[in-house]
Amino acid sequence: MLSRQARAWRPPRQVAIPADAMDPVTFVDDVIVCRGERDVRVFSARCTHLGCRITQASEGLLVCPCHGSKFRMDGSVANGPASRPLELLPHHTDPKTGALVVHVS
Amino acid sequence: MSPDRPSPHLRRRWDLRSSWGELAFAGLLAAVVSGIALAVPYDAQRPFDSLAWLLLTNPAGAFFRNVHYWAGQVFLALTVAHAWDHLSRWTESRVPRRMWWRTTASLPLAGFVMLSGFMLKGDADAEQALRIVTSLVEQVPWIGRLISVAVFGTEGHRQVLYVHHVATASMFTWIFTAEHARAMWPRLVSIVEVVAPVAFISLFVSPALHDGLDPIAKGPWYLLGLQEALHWTARPAWVVAAGALLVLLVAVLPRLSDRRARLAKTGLAAAVVTYALLTAVGVFFRGANWALTPVTASSWSAGGWRASGLVIHGLGAWRAPSIDSVLAGEVPVVLGRREGCLFCHRGMKGLSRSHSAEAVGCASCHEGNPFSLDATTAHAGLVLIPGNLATAGRACGTQACHPSQVERVSRSLMTTMAGIVSVDRAVWGTRGQPGQTAHVEALGMGGADSHLRQLCASCHLGAEKRSLGPLGEDSRGGGCNACHLQYTPEARAELTRYQHELVPTAATPAGPSVAAPRVHPGVSIAIEPGSCFGCHSRSGRISTSYEGWHEMDDLAREAARPSGPAGLRVLADGRAFTFVAPDVHARNMGCIDCHTSREVMGDGVSRAREHEAVRVSCVDCHRPATGQSIPVSLDALDPESRRIAELRGRNRPGERFLATASGAEPLVNTGVDAQGTAWLAAKSSGQRLPLKPPAAVCLRSEGHARLSCISCHAAWAPRCPRCHTTFDANREGVDLLDGRTTKGAWVETPGEFAAAPPTLGMRAVAAGQGARETVDTFIPGMVMTLDRNQSPGARPDTVFRRLYARSFSHTVGKSSRSCLSCHANPVALGYGEGTLRYEEDGPRGRWRFTPRYPPGPDGLPADAWIGFLRERTTATSTRTDVRPFSLEEQQRILTVGACLTCHEADSTGMKSCATRAKPCSPMPDFRTALTRATRKCLLPSW
């Protein structure tokens with residue numbers, strides 16, 4: 001029970017990523033968008049170690065600035081101290097603007 | 001304690017010896033009072049912005065902030081000292097037991113007051129600290145969430161945290177402190193003993209506000225020990241539980257027996273020492289991403305305030321204008337941060353929309369301190385010329401900007417010089433093989449490496465651009481600036497004005513009145529060939545050859561002297577060039593019209609040699625009409641190419657582009673219209689140029705199927721054999737890598753320079769199943785003697801190398817070279833300059849060659865690649881996939897050459913006209929042609 005990560009209550013909200021942000025990795029707000037060759041994965045930028053916001057990618061890995069946890073582009077842990085993969089976030093594409101709308105909660 | 005005795009407080013009114021506890025209490029008082037003053041300008045709804053505004057425009061407020069910070073540090077440190085002091089002297093029994101739990105509680109309360117103060121900064125450090133602490137708190141079962149929200153609020157709503165810092169925690173800390181100190185406030189003496197040094201240090205050292213630029217986001221120093229501990233465990237809850245247990249241990253101390261209490265205190269002391277060690281690691285040995293990167297002297301002095309979280313400044317920092325004279329609009333918010341730079345440097349022109357002051361501000365690239373309006377403080381740590389590779393990671397290459405480009409460039413050949421370094425070392429013969437990945441910045445000191453340092457090592461992107469101004473003929477390196485910095489005439493004029501005014505004269509003594517430049521050089525993708533010229537007018541002379549200029553050796557220059565400088569071009573370094581013939585593409589196209597960004601900036605893979613990095617080839621644009629590959633549509637472009645296409649105005653739906661045949665890399669400056677016709681838009685002028693397919697003759701395969709385009713179309717190439725390199729121990733040299741003078745210099749004595757149609761040889765195109773070879777162009781790479789001895793007085797250590805290099809001279813001519821220039825030309829065959837004559841020898845003929853130059857140490861003519869009708873198979877080049885002509889190939893070539901001594905190249909005798917139905921081909925199937933030889937024909941004998 002002590003190790004269960006209690007989910008902090010945050011009001012649900014949406015983050016929109018503009019259609020022309022096409023880089024392989026985009027960091028917006030609390031969200032990381034990883035565009036692979038075929039699919040797009042959207043992760044929460046909160047590191048699963050202690051909740052720091054992950055703000056950078058280096059050599060193909062997402063790196064947390066607080067304690068150095070590294071995650072692969074599929075969200076799995078490449079290097080600790082984090083032990084759980086990044087949380088995948090539901091998203092859809094806005095048909096009018098083409099923006100990627102992510103549900104953050 | 002007896003109520004009749006006066007309290008220790010009154011007895012010691014003027015005693016200068018304050019205890020740790022009294023001083024800590026004084027620190028608390030100073031913090032509270034300065035905090036009241038600070039609460040006025042601070043706005044909990046916009047904490048970061050209100051603090052930035054405070055730093056920029058409110059010197060008095062900023063001073064109170066410093067006092068608040070330093071008083072808090074004093075309070076925290078001396079509280080720990082006070083607790084240690086009393087516990088070690090076993091005086092805790094003076095505190096009544098019923099009061100002890102409150103005294104103990106004041107320790108975590110003090111910690112919370114400090115931490116909440118740090119969090120209330122609202123900057124990047126504070127936000128990350130909040131995330132960590134709330135995550136930890138939420139791990140408490142059942143009520144974790146509740147505590148977190150009640151104490152820290154929610155993201156974006158930190159009002160409750162502010163209330164706890166200002167009121168709840170401060171109030172209870174004061175109450176508990178006063179209770180066990182038995183005084184409402186500390187003695188005057190203690191107050192003075194704290195406030196005086198705090199005020200003094202507050203004048204010179206300010207706590208930094210994180211500017212959002214630094215990748216390092218660290219918590220307050222007293223929490224770094226905890227962060228270090230958290231780095232090592234995937235179960236952070238245990239670390240927090242351990243801390244709670246320590247506090248609990250303190251709380252039960254008075255109830256323990258002496259032996260157990262002694263044990264407990266030893267444990268507490270050990271915990272404190274361990275924490276101190278972890279803190280030291282966290283402060284001094286952890287950098288970005290909590291990686292082990294010690295804070296070095298250079299990082300401290302350059303951006304030291306970032307490393308420490310403190311800004312050291314002089315009294316001049318308090319000269320900033322006050323609130324009354326600065327309007328909010330004059331210090332705009334850029335990228336979520338007040339950009340104090342723009343208060344003085346407003347109205348900056350010259351930058352593109354994406355790099356303008358409104359888009360990225362100044363500090364994003366130039367660093368410095370954007371939270372001060374005092375010039376000296378603001379310019380501390382300023383990077384005058386960002387974009388050098390040492391700072392590019394923080395300026396151009398931040399996550400929000402161009403991270404992948406900076407990473408790619410750091411591995412590209414123009415940064416590593418891997419080929420030059422490894423080839424030089426291989427030629428030296430002391431170590432290594434050509435093709436190993438080497439790096440110019442990892443050069444040693446002796447042998448080939450000292451040669452490289454003195455003669456080669458300035459032409460890499462890691463070389464720093466140190467002076468302001470445009471790139472010129474003698475520019476070397478400069479990181480991103482080497483290509484992407486462009487000075488318009490206005491920017492040039494403005495720089496001249498600024499530098500002129502900076503130099504004090506009697507009429508204009510330079511001072512604060514010198515207006516800062518108003519026009520900034522541009523940073524864009526409009527890269528002119530002039531950017532490439534500095535380095536690429538050396539070595540293979542690509543830049544100069546492309547424009548049609550051939551370097552003259554000293555003899556030629558002397559010979560040209562009587563006719564005067566007309567027709568000569570003299571470069572900034574004194575080398576003279578004569579005009580031969582430019583490349584046909586030079587009329588409308590620059591370097592980047594062919595060379596893609598993945599070639600030039602690298603594709604992220606460390607390449608060992610240039611030929612591995614170059615991907616574009618003639619046929620990518622000059623495609624045969626048949627077999628044309630499918631053009632690439634706009635949607636299929638990779639993100640970077642797509643962005644470039646947009647910048648160049650090529651983002652209309654339906655746009656199509658050509659791609660390279662070799663790697664399917666899109667050529668963004670090309671287009672394919674609806675009819676399938678391809679064109680190229682010159683990047684500099686925008687002019688559309690047709691892309692003609694090769695002539696029909698190029699596609700005919702008889703006899704010349706293996707020719708590359710340039711083996712016919714390279715009109716001339718510079719040749720410079722016969723150079724001699726030796727070490728002069730008495731001459732002073734310059735180490736181009738370090739910039740220092742050296743004792744002893746490598747001296748290169750060149751031979752003659754000649755401009756001639758290049759030598760030909762064979763190059764392997766593909767390995768394995770589809771292995772084949774193509775005829776390609778070569779020039780003397782290193783035909784030289786080298787005396788490796790560097791010790792004066794010792795015996796010479798001479799080696800001789802005869803190596804030709806595959807080189808595309810960038811001198812493409814519209815028409816091809818003549819048949820004779822290959823088939824009866826000693827230079828083309830690799831024999832060197834001289835006379836090649838076909839003589840009668842009985843019923844047949846015999847080729848004879850008289851070289852121009854005397855033989856070298858190996859018996860071959862001094863400028864040759866191979867001997868006349870001889871083969872060389874080893875050590876002919878530093879590339880393993882090239883070779884000179886074999887004997888059989890030489891014989892075949894010279895057989896045709898023999899016919900050409902009588903027959904004109906375009907005569908029917910030389911063409912294949914076996915039947916009228918077959919069109920006459922100037923490149924006949926020669927076996928068939930030979931069958932038609934008459935008795936008059938003198939075929940060669942070997």
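Chain letters run A, B, ... following the sequence lines, proteins first, then strands; residues in each count from 1.
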Residue pair B:Pro403 / A:Gln56, side-chain heavy-atom distance below 4.5 Å: no

Engaged part of A:Cys64 at the chain B interface, taking heavy atoms whose separation is under 4.5 Å: backbone

Nearest non-hydrogen partners of B:Gln139 and A:Leu50, listed with the distance: NE2-CD2, 4.1 Å

Donor-acceptor pair, side chain of B:Gln227 and main chain of A:His67, under 3.5 angstrom: no

Where A:Cys52 and B:Ile132 come nearest, the two heavy atoms and their spacing: SG-CG1, 3.3 Å

Inter-residue atom distance B:Arg131.CZ - A:Arg53.CZ, 0.5 Å rounding: 4.0 Å

Selection from B:Pro639, B:Gly219, B:Ala124 maximising heavy-atom pairs under 4.5 Å formed with chain A: B:Pro639

Part of B:Glu407 lying under 4.5 Å from any heavy atom of chain A: side chain

NE2/B:His157: more than 12 non-hydrogen atoms of other groups inside 6.0 Å: no

Atom NZ of B:Lys121 with >12 non-hydrogen neighbours under 6.0 angstrom: yes

B:Ser135 side chain reached by A:Arg46 side chain, heavy atoms, under 4.5 Å: yes

B:Gln128 to A:Pro65 - nearest heavy-atom pair and separation: NE2-CG, 3.3 Å

Gap separating the NE2 atom of B:His231 from the SG atom of A:Cys66, nearest 0.5 angstrom: 12.5 Å

Inter-residue atom distance A:Ser83.OG - B:Arg235.CZ, 0.5 Å rounding: 7.5 Å

